[in-house]
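Working notes, structure below.
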Amino acid sequence: MIDGLLQDKGEGLLLEGARIMVDLHHEQGLDASLAVKAGRIVGIGAKDSLRQQFPKAERLDLTDFTIMPGLINAHTHVTMSFFRGLGQAQDAKDKTADSSMIENFFFPAEKALTPELIEALSYPYLVDALRSGSTTCVDAYFFMDGVAKAMDRLGVRGFIGEHIADLGGPHPAGGEVWKKTRAWIDGWAYSSRVQPVVYAHAADTVSFDLLKELGSFARSRNLPFHMHLSQTHGERERVLRRERKSPVRYAHDAGVLQERSLLVHLVSADRQDLQLIKQSGALACLCPVSEIIYEELPDLSLFFEEELRLALGTDAAASHDTADLLFEAKAMALFARQKKFQLSASQLGSMVLHEAAKTLAPNDLGGLAVGKLADLVCIRNGLESEPQSRPLTNIFFSAAHRQVEHVMVDGHWVLWRRDLVRVSESDLKERFSLAFSELKKRVNLPIFQSEKSLTTF
Ligand SMILES: [Zn+2]
């Protein structure tokens, strides 16, 4: 029994005394109680009336906390924790880094991965996500069975996609893998917390016919569709040479610009490309920190002028070393400000919650409201973030991940006083160390060896 931790035992759980950010569109929260039962929010209102409505519910005093919806990290590769530090070791002047990093580091290490290693290698980034307030990760990688198991073990919500690419990469991932992936999706065997998406790696690595098939499968099953698009200038050049059209036009012609599509990076997209995306209703996902490290920031003014739907992701530990989405949002606001655009806390709230929720699961996710899934985060209102006259602004610009104290997913606490609830952290650490040692035995990369070799990369 963890000290002070109360879970819903079937009669509900009342969270009392906190400020509740019912909607990240609004600066001020409500001073109210929130009732959770069977995984969902069943009431938000005055303490006495909820006590009357749920007389047998457990009662938890959360005075001096702000409760906000769990954040949605719209683009991750959680397994790539093992590359942490690689992005920072990259030469800031090397403009050819895109292909050299991918071919010299990613592919050899990824070739050595096995389905058995994936689960344990995914733990660090998932723990990082929970401790910085994200309850949901939209993930894409190889051998997704392992990622699904890691998410299930920790209690993270996931929308996961198996890597499909028939024109290159460290593992064969063309038609045969797609056939297996279709069967995997149709026979889905995980908890409802972990859901499938269709994932096409990128425009330069997926052929037109396969891309078309992936899009039409996603539509037929009403699944989200996830893809890197125009992620580098190199990709744009390769696709222009091969197809005589931009990557975005290529995706459009293959029918994958659709309302439930999540298109990531768009670094080399031009205004016409963004207009195509806008017309389709698809969601654009930016990972500004990762983009700066690996390529460059896209022209943010184009995104704001064309009024694209925007979400944020942290990408992978190989580029952005942390899964901290609050940090990403603050960075986004600063980068936008440099372009003379001012992003309010409620606009940042839309990017880390509402827009991704509309694409992934509009009925279940997207805020603290009766009927929604109980995915929430309790931020400790410490003296360090006083005064609290603009609480939502405080969350994004001053509270930061260190004040994330408790995290609930599906109505159950998965992080309590920053400790993992469902699993022992030391056990996970041991499993990760074993898997990482095994990976290092299989592939000899300087990044894995010592600090010295890191600096000489
Ligand atoms: Zn990515």
Side-chain angles (χ1 to χ4, degrees), residues 72-84 86-87 90 97-99 101-103 105-107 109-110 113 118 121-122 125-126 128-129 134 136-144 147 158-165 167-171 173 197-206 211 214 224-236 239 247-248 251 256 261-269 282-298 310-325 328 331-332 351-352 356 359-360:
I72 300 175
N73 193 334
H75 183 67
T76 62
H77 309 279
V78 297
T79 314
M80 292 172 86
S81 302
F82 60 81
F83 278 131
R84 198 185 299 278
L86 186 59
Q90 184 181 310
D98 161 40
S99 59
M101 292 290 275
I102 291 174
E103 280 151 30
F105 285 86
F106 288 14
F107 285 2
E110 287 170 340
L113 290 171
I118 295 286
L121 293 174
S122 303
Y125 212 70
L126 291 173
D128 193 5
S134 292
T136 297
C137 290
V138 184
D139 200 67
Y141 210 52
F142 307 98
F143 312 125
M144 292 304 288
V147 176
F159 290 86
I160 66 175
E162 180 75 31
H163 177 108
I164 303 294
L167 302 178
H171 296 279
V197 305
V198 176
Y199 169 58
H201 175 252
D204 55 344
T205 55
V206 183
L211 192 57
L214 298 178
F225 177 86
H226 186 191
M227 182 180 187
H228 295 115
L229 195 57
S230 268
Q231 65 176 325
T232 62
H233 294 285
E235 177 195 331
R236 186 179 178 90
V239 175
V248 172
V256 298
S261 293
L262 175 58
L263 309 169
V264 187
H265 296 312
L266 300 163
V267 168
S268 58
L283 176 62
C285 175
L286 300 180
C287 309
V289 176
S290 176
E291 285 145 14
I292 272 202
I293 288 171
Y294 272 101
E295 185 84 359
E296 63 177 6
L297 209 55
L310 281 178
L312 295 179
T314 57
D315 211 357
S319 47
H320 188 177
D321 297 74
T322 166
D324 184 349
L325 200 58
E328 192 78 37
M332 178 72 184
M351 292 181 196
V352 294
T359 296
L360 298 168

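Ligands are counted one by one from 1 in listed order, and the atoms in each one are counted from 1 as well. What you see is a predicted model, and the numbers here were worked out from it, not measured in a lab.
- Proximity of M144 to D139: side-chain heavy atoms (C-beta onward) are separated by under 4.5 Å at one or more points.
- Between the side chains of Y141 and E110, at least one donor-acceptor pair of N or O atoms lies under 3.5 Å.
- Protein N/O/S atoms nearer than 2.8 Å to the Zn ion (ligand 1) total 4.
- Side-chain atoms of D315 and S290 form a donor-acceptor pair, as typed in the model, at a separation below 3.5 Å.
- Counting only N and O atoms by type, the side chains of H77 and H75 include a donor and acceptor under 3.5 Å apart.
- D204 places none of its side-chain heavy atoms less than 4.5 Å from the side chain of T232.
- Residues forming a side-chain contact (heavy atoms from CB on, under 4.5 Å) with D321 (at least two apart in sequence, or on another chain): R84, Q88.
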